J.: 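Below you will find the structure I want to go over with you.
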Amino acid sequence: MDLEAPAEETPAEEKTVITESPTGGESDVCEIDTRREPYEGMVFESEDAAKIFYDEYARRAGFSTRIISSRKSERDGSIISRHLACNKEGFNANRRKSGRVQIRKRESIREGCRAMILVKREKPGRWVVTKFEKVHNHLLLSSGKDGPSPDEKDRKIRELSMELHRANQKLEACQEQLQIVMSYIEEHAKCLSKTVEEAVKDIQKVESGKQKEP
């Protein structure tokens with residue numbers, strides 16, 4: 001059993017898959033219907049087509065996927081089945097240990113989710129969904145709505161960066177004005193202190209002169 005890392009997601013508009021109807025009708029090439037979901041007996045032309053479909057379904061539903069395992073043929077080493085699942089499938093190994101404190105640098109995303117799909121190759125050009133688990137044990141991100149595309153994310157990041165830059169410029173301007181005001185207050189305080197000091201000296205001189213008079 002070979003463990004593989006999740007592949008990068010392909011934009012939805014570039015994806016097409018070949019599927020067969022549940023009743024065994026003729027195959028037809030169609031754009032991925034975002035309203036559809038996998039079902040046992042669904043047929044694809046290749047393992048990649050099945051993964052593309054499941055990745056797109058997951059993106060629309062609001063979760064991420066990863067490849068759990070792949071089974072290879074003992075005869076020629078080609079892949080004959082693939083197990084795809086929610087990226088929260090399983091548990092972290094440290095979580096199963098008891099009686100000791102485990103210190104982790106980051107929190108594990110594993111929550112034991114059972115949502116998954118299993119596709120097997122019946123013959124060349126025919127991959128069948130033999131098992132499908134829909135229910136997740138955690139909240140989904142987008143609740144069935146389209147998530148932001150990479151371009152939208154980049155645009156949002158640029159907008160936030162520009163807003164941050166403008167906020168920093170305003171902050172710098174406010175700091176400069178505050179320094180000017182503080183300098184003025186400091187200078188005014190010095191002048192006031194000097195004036196008070198001179199007034200006190202004058203009063204002391206007057207009182208001293210009165211005491212010297214017969």
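All figures in this text were calculated on a predicted structure; none of them were measured in a lab.
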J.: Minimum heavy-atom separation for Ala115 and Lys134, please, with both atom names.
T.: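 Nearest heavy atoms, Ala115 then Lys134: CB-O, 4.1 Å.
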J.: Can you classify the ring geometry of His188 versus Tyr184 as parallel (below 30°), tilted (30 to 60°) or perpendicular (above 60°)?
T.: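 It falls in the parallel class, under 30°.
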J.: How long is the straight-line distance from CG of Leu140 back to SG of Cys113, given to the nearest 0.5 Å?
T.: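 Reported to 0.5 Å precision, the distance equals 8.0 Å.
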J.: Please say which of Asn87, Asp55, Ile117 ends up in a side-chain contact (heavy atoms from CB on, under 4.5 Å) with Thr65.
T.: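 Only one of Asn87, Asp55, Ile117 forms a side-chain contact (heavy atoms from CB on, under 4.5 Å) with Thr65, namely Asp55.
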J.: What is the distance from atom NZ of Lys72 to atom OG of Ser70, rounded to the nearest 0.5 Å?
T.: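 Nearest 0.5 Å value for the NZ-OG distance: 8.0 Å.
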J.: Shortest non-hydrogen contact from Val119 to Ala50?
T.: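 Closest approach of Val119 to Ala50: CG1-CB, 4.0 Å.
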J.: Tell me every residue that passes ring-ring contact (aromatic ring centres under 6.0 Å, His included) with His83, counting only those two or more places apart in sequence or in another chain.
T.: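 Per chain and number, His83 pairs via ring-ring contact (aromatic ring centres under 6.0 Å, His included) with no residue.
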J.: Using the test side-chain hydrogen bond (donor to acceptor under 3.5 Å, both in side chains), find all partners of Thr130 that sit at least two apart in sequence or belong to another chain.
T.: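 Partners of Thr130 by the side-chain hydrogen bond (donor to acceptor under 3.5 Å, both in side chains) criterion come out as none, since no residue qualifies.
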J.: Name all residues meeting the salt bridge (Lys or Arg N to Asp or Glu O under 4.0 Å) criterion together with Glu133; count only those two or more places apart in sequence or in a different chain, and write none if there are none.
T.: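 Glu133 satisfies salt bridge (Lys or Arg N to Asp or Glu O under 4.0 Å) with no other residue.
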J.: side-chain hydrogen bond (donor to acceptor under 3.5 Å, both in side chains) with Glu74: which residues, sequence neighbours excluded?
T.: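 For Glu74, no residue satisfies side-chain hydrogen bond (donor to acceptor under 3.5 Å, both in side chains) once neighbours in sequence are set aside.
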J.: Can you measure from CG (Leu164) to CG (Leu171) and round to the nearest 0.5 angstrom?
T.: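 The distance works out to 10.5 Å.
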J.: side-chain hydrogen bond (donor to acceptor under 3.5 Å, both in side chains) with Ser193: which residues, sequence neighbours excluded?
T.: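 Applying side-chain hydrogen bond (donor to acceptor under 3.5 Å, both in side chains) to Ser193 gives none.
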J.: Return each pair, listed once, that meets side chain to side chain donor-acceptor pair (under 3.5 Å) where at least one residue sits in residues 163-180; pairs must be two or more places apart or across chains.
T.: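 Side chain to side chain donor-acceptor pair (under 3.5 Å) check on residues 163-180 returns His165-Gln169.
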J.: Report yes if some heavy atom in the side chain of Tyr54 is under 4.5 Å from a heavy atom in the side chain of Val129; otherwise report no.
T.: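 Of all side-chain heavy-atom pairs linking Val129 with Tyr54, none is under 4.5 Å.
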J.: For Val200, which residues count as a side-chain contact (heavy atoms from CB on, under 4.5 Å) partner, sequence neighbours excluded?
T.: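 Partners of Val200 under the side-chain contact (heavy atoms from CB on, under 4.5 Å) test: Val196, Gln204.
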J.: Can you name the residues that form a salt bridge (Lys or Arg N to Asp or Glu O under 4.0 Å) with Glu198, not counting sequence neighbours?
T.: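 Listed in chain order: nothing, the list is empty.
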J.: Other than Leu118, which residues form its hydrophobic cluster under the rule that side-chain heavy atoms must be closer than 4.5 Å?
T.: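 Direct or chained contacts put Leu118 with Met116.
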J.: Do Glu56 and Arg59 sit within salt-bridge range, that is, some charged N less than 4.0 Å from a carboxylate O?
T.: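 Yes, Glu56 and Arg59 are salt-bridged.
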J.: Mind checking salt bridge (Lys or Arg N to Asp or Glu O under 4.0 Å) for Lys131 and listing every partner two or more places apart, or none if nothing turns up?
T.: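 Per chain and number, Lys131 pairs via salt bridge (Lys or Arg N to Asp or Glu O under 4.0 Å) with no residue.
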J.: Using a strict threshold of under 4.0 Å (side-chain N to carboxylate O), is an ion pair present between Glu47 and Arg121?
T.: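 Salt bridge between Arg121 and Glu47, a charged N being under 4.0 Å from a carboxylate O: no.
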J.: So, do Val43 and Glu122 sit near enough that their side-chain heavy atoms are less than 4.5 Å apart?
T.: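 No, every pair of side-chain atoms sits at 4.5 Å or beyond.
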J.: Checking Ser73 now: which residues fulfil side-chain contact (heavy atoms from CB on, under 4.5 Å) with it, not counting sequence neighbours?
T.: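 Scan of Ser73 (side-chain contact (heavy atoms from CB on, under 4.5 Å), adjacent residues dropped) gives Arg75, Asp76, Ser78, Ile80.
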J.: Evaluate the side chain to side chain contact (heavy atoms under 4.5 Å, CB included) criterion for residues Lys51 and Ile67: first the C-alpha distance (whole Å), next the side-chain angles of each, then the deciding distance (0.1 Å), finally the verdict.
T.: CA-CA 9 Å; Lys51 185 179 187 308; Ile67 298 175; 3.7 Å; yes
J.: Which ILVMFWY residues can you reach from Leu139 by hopping between side chains whose heavy atoms are under 4.5 Å apart?
T.: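 Members besides Leu139: none; it forms no cluster.
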J.: Please determine whether side chain to side chain contact (heavy atoms under 4.5 Å, CB included) holds for the pair Leu84 and Phe53, giving the CA-CA distance in whole Å, both sets of side-chain angles, and the decisive distance to 0.1 Å.
T.: CA-CA 11 Å; Leu84 308 171; Phe53 180 86; over 6 Å; no
J.: Check the angle between the aromatic planes of Phe63 and Tyr57 and answer parallel, tilted or perpendicular using the 30° and 60° thresholds.
T.: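 Rings of Phe63 and Tyr57: perpendicular, over 60°.
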